[in-house]
Amino acid sequence: MSTATDTKRKAPAGEKVADWADGRLGIYSLAKANMRKIFPDHWSFMLGEICLYSFIIIILTGVYLTLFFHPSMNEVVYHGPYEPMQGIQMSEAYASTLDISFDVRGGLLVRQIHHWAALIFLAGMFVHMMRVFFTGAFRKPREINWLFGFLLFVLGMFTGFTGYSLPDDLLSGTGVRFMQGAILSMPIVGTYLSMFLYGGEFPGGDIIARFYSIHILLLPGIMMGLLVAHLILVFYHKHTQFAGPGRTNKNVVGMPLLPVYMAKAGGFFFLVFGVIAAISGIASINPIWAIGPYRPDQVSTGAQPDWYMGFSEGLIRVMPGWEINLWGHTLVLGVLVPLMIFPMVLAAIAVYPFIESWVTGDKREHHILDRPRNAPTRTAFGVAWITWYFVLLVGGGNDLWATHFHLSINAITWFVRIAFFVAPVLAFIATKRICLGLQRRDKEKVLHGRESGLIKRLPHGEFVEVHEPLSPAQLHTLTAHEQYVPVEIGPLVDENGVKRKVSVLQKVRAKLSQGYYGENNQIAKPSAEEYKEITDGHGHH
């Protein structure tokens, strides 16, 4: 008896779908090129992931909240379950926020997750940008990606501001009033901008509806586009990595995207979500029922914006209330000057990669990160800016510092005014000296080895500490950084004695370059000759 077997295998349904899609989208070649992409393994790279996962949580919870929120300033009388508010007149926006908090199943938890995720998103962006700044990850070819990250942070600030203004409670209403005062301080156009934004005299009847559209459509849409562009450039440029054996500007040492990195990233997402949910379930934030609905004739006690707006708040609070009259118009310098400083500071942060590239004249691609100590001037600038930021946070909360610590609010304000100029300078000097000290210590470790703590007595009676030589990996890490040579103007006359024309920009660039990499701004790396002389000599133990 003979049997015939069908050797033709029938493809599973999933494989058929995949083949159909590949014939039209080319997913096989795309997956082959990108799914095995290598990512380096370092804890600091997780800061960017925290930002990404927080943003996803914000979108998910925001979609849920939009189903129940009514962005209207029409006045209603409250008859909901929260007894202390019974019979009080309020806007529909405030009433619907109370309903979300007390009527909607899980509404209060989702509200708190949304708010805490926004705070953590911006905090993660702040720390992530500082990591990128201090390690020099913004250098070519990543200047555009620095701008994308910077815009994400700035747009996140304004998205957060429009978001916590939506409930129309007394705290958020005070913040909106603050913004209106800042707009009115702008000469000539301030009044027109205020009337356009508020739809008439403050508070108008359209501001909540307009903020709602900006908050759920305009700003998130732009941020999502920037986020996608940011991630595409991360893939395209490949990930930066810290110096180490086998790591060069032409390779990446780490783990593949699939399956290792994706598994870790998926677990980390749920960890971030769980931590935010736990914080939201434990720590109350923005309890609008305890504050009450907004009324233009009232101001909430201890009104404070979220931390990321404290910088601008501090600028306004510590600025003297100066006014001048020009051509029949009053310029409120106490508000106008901070309003000009704020965007100037943001612009300086945005263009810093281009400034450093111009100062150093370095046009090469960089995929190996700096240790912050090996770029002391850049690190000092970063610490000085952070110090300035936190000084202004103190100024933005001067009333709370005064009430909680029983201090004079005038004394705190004057302290912040002085520290505004002094603290960043002191932070710059101290940070630079610390970085140079750490460079000297690294040089000593390379030349003499690591202190072992063991004491040895020599034949002639001298006691010395035994130094253990560093491993090749440690030696590579401590000596992998580059030594920049400052830009020189050169001779001011040519070989014929003719005076050479030197522009002001060339002089400024040379001066800045000396400040970055001149004498006493970086410690020379130990040379091979120095290392050989010490290791071969009698003084090495």
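Fair warning: this is a prediction, and the values are worked out from it, not measured in the lab. The analysis underlying the following values was restricted to heavy atoms, covering all of them including side chains, and did not include hydrogens, waters or symmetry mates.
- By the 4.5 Å heavy-atom criterion applied to side chains, Val332 and Trp322 are not counted as neighbours.
- Considering only heavy atoms from C-beta on, Leu170 comes within 4.5 Å of Gln298 through its side chain.
- Between Asn410 and Thr413, the side chains place no donor N or O within less than 3.5 Å of an acceptor N or O (distance only, hydrogens not considered).
- Taken to the nearest 0.5 Å, the CD1 atom of Ile291 stands 5.5 Å off from the CG atom of Asn286.
- Contact record, Ile38 with Gly254: CG2-N, 3.4 Å, taken as the closest heavy-atom pair.
- Gln241 approaches Pro40 most closely through the heavy-atom pair CB-CB, 4.1 Å.
- Annotation for Phe102: atom CZ counts as buried by contact number, over 12 foreign heavy atoms lying within 6.0 Å.
- With respect to Glu356 and Arg378, a salt bridge is recorded, a charged nitrogen being found less than 4.0 Å from a carboxylate O.
- Side-chain contact between Met90 and Val77 is absent, with no heavy-atom pair separated by less than 4.5 Å.
- At a threshold of 4.5 Å between non-hydrogen side-chain atoms, the residues Arg373 and Thr379 do not count as touching.
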Can you check side-chain contact (heavy atoms from CB on, under 4.5 Å) on His366 and Thr240, steps first, answer last?
CA-CA 8 Å; His366 292 273; Thr240 54; over 6 Å; no
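- Between Tyr352 and Phe138, the ring planes are perpendicular. Angles over 60° get that label, and only those under 30° would be called parallel.
- Taken to the nearest 0.5 Å, the CD1 atom of Ile216 stands 6.0 Å off from the OG1 atom of Thr66.
- Between Ile316 atom CD1 and Leu339 atom CG the span is 6.5 Å, to the nearest 0.5 Å.
- Here the side chains of Asp103 and Pro81 are in contact, with some heavy-atom distance below 4.5 Å.
- A ring-centre distance under 6.0 Å is found for Trp385 and Tyr389.
- In summary, the aromatic rings of Tyr64 and Phe68 are positioned with their centroids under 6.0 Å apart.
- Looking at His114, its side chain does come within 3.5 Å of a backbone N or O of Ile58 through a donor-acceptor pair.
- Close placement of the Phe235 and Phe39 rings is indicated, their centers lying within 6.0 Å of each other.
- Minimum interatomic distance between Phe121 and Cys51 (heavy atoms only, all atoms of both residues): CD1-O, 3.2 Å.
- A side-chain N or O of Arg142 and one of His367 form a donor-acceptor pair less than 3.5 Å apart.
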Candidate pair Leu193 and Met186, rule side-chain contact (heavy atoms from CB on, under 4.5 Å), full reasoning:
CA-CA 9 Å; Leu193 286 176; Met186 299 173 65; 4.1 Å; yes
Acceptor/donor pairs from residues 305-314 side chains to any protein atom, 3.5 angstrom cut, sequence neighbours excluded:
unit_1	atom_1	unit_2	atom_2	d
Asp306	OD2	His115	NE2	3.0
Asp306	OD2	Tyr308	OH	3.3
Ser312	OG	Met309	O	2.9
Glu313	OE2	Arg317	NE	2.9
Glu313	OE2	Arg317	NH2	2.9

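- The aromatic rings of Phe126 and Phe390 sit perpendicular to each other, their planes meeting at more than 60°, with 30° as the lower class boundary.
- With Gln112 contributing its side chain and Ala283 its backbone, the two residues share a donor-acceptor pair below 3.5 Å.
- Ring geometry for His230 against His128 counts as perpendicular: the plane angle is over 60°, on a 0 to 90° scale with 30° as the lower cut.
- Taking the six-membered ring where tryptophan is involved, the planes of Phe202 and Tyr198 are perpendicular, since the angle between them exceeds 60° and thus also 30°.
- Although no hydrogens or angles enter the test, the distance criterion places a donor-acceptor pair under 3.5 Å between the side chain of His215 and the main chain of Thr159.
- Between Pro71 and Leu166 there is no side-chain heavy-atom pair separated by less than 4.5 Å.
- In terms of heavy-atom proximity, Ala380 sits nearest to Thr431 at CA-CG2, 3.7 Å.
- Side-chain N or O atoms of Thr97 include one that pairs as donor or acceptor with a backbone N or O of Ala93 at under 3.5 Å.
- In this structure, Phe69 has its ring center closer than 6.0 angstrom to the ring center of Tyr212.
- Residue-environment remark: CD1 (Ile188) stays at or below the threshold of 12 foreign heavy atoms within 6.0 Å.
- Once rounded to the nearest 0.5 Å, the distance linking CD1 of Ile276 with CH2 of Trp116 reads 10.5 Å.
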Dump the intermediate steps for side-chain contact (heavy atoms from CB on, under 4.5 Å) on Phe133 and Ile349, then the final yes or no.
CA-CA 10 Å; Phe133 179 85; Ile349 296 171; over 6 Å; no
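- Taken from CE in Met125 to CG in Leu47, the straight-line distance is 11.5 Å, to the nearest 0.5 Å.
- The shortest heavy-atom contact between Ile207 and Val176 is CG1-CG1, 4.4 Å.
- Remark: the backbone N or O of Asp169 is paired with a side-chain donor or acceptor of Ser172 at under 3.5 angstrom.
- The 12-atom threshold is exceeded at CZ of Phe354, counting heavy atoms of other residues, nucleotides or ligands nearer than 6.0 Å.
- One finds the OH atom of Tyr192 at 15.5 Å from the CD1 atom of Ile183 (value rounded to the nearest 0.5 Å).
- Between Ser96 and His70, the side chains place no donor N or O within less than 3.5 Å of an acceptor N or O (distance only, hydrogens not considered).
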Chi angles and distances behind the side-chain contact (heavy atoms from CB on, under 4.5 Å) call for Ile222, Leu155
CA-CA 8 Å; Ile222 298 173; Leu155 291 176; 3.5 Å; yes
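- Judged purely by atom type and a 3.5 angstrom limit, Ser101 has no side-chain atom pairing as donor or acceptor with the backbone of Leu108.
- With a 6.0 Å radius and a threshold of 12 heavy atoms from other residues, nucleotides or ligands, Met255 has its CE atom above the threshold.
- At distances below 3.5 Å, not a single donor-acceptor pair connects side-chain atoms of Ser194 with backbone N or O atoms of Thr191.
- When all heavy atoms of Val391 and Phe420 are compared, the closest pair comes out as CG1-N, 4.0 Å.
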Working for side chain to side chain donor-acceptor pair (under 3.5 Å), residues Asp399 and Gln304
CA-CA 10 Å; Asp399 55 337; Gln304 293 288 308; 3.1 Å; yes
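- Proximity of a side-chain donor or acceptor of Tyr78 to a complementary backbone N or O of Tyr94 within less than 3.5 Å is not detected.
- Evaluation of the side chain to side chain contact (heavy atoms under 4.5 Å, CB included) rule for Ile56 yields Leu52, Tyr53, Leu60, Phe269 as partners, not counting sequence neighbours.
- The side-chain heavy atoms of Leu336 and Pro187, taken from C-beta on, include a pair separated by under 4.5 Å.
- Judged purely by atom type and a 3.5 angstrom limit, Arg139 uses its side chain to pair as donor or acceptor with the backbone of Gly136.
- Residue Phe55 places its CZ atom among more than 12 non-hydrogen atoms of other residues, nucleotides or ligands, all under 6.0 Å distant.
- At a threshold of 4.5 Å between non-hydrogen side-chain atoms, the residues Val416 and Asn398 do not count as touching.
- Atom CH2 of Trp388 is surrounded by more than 12 heavy atoms from other residues, nucleotides or ligands within 6.0 Å.
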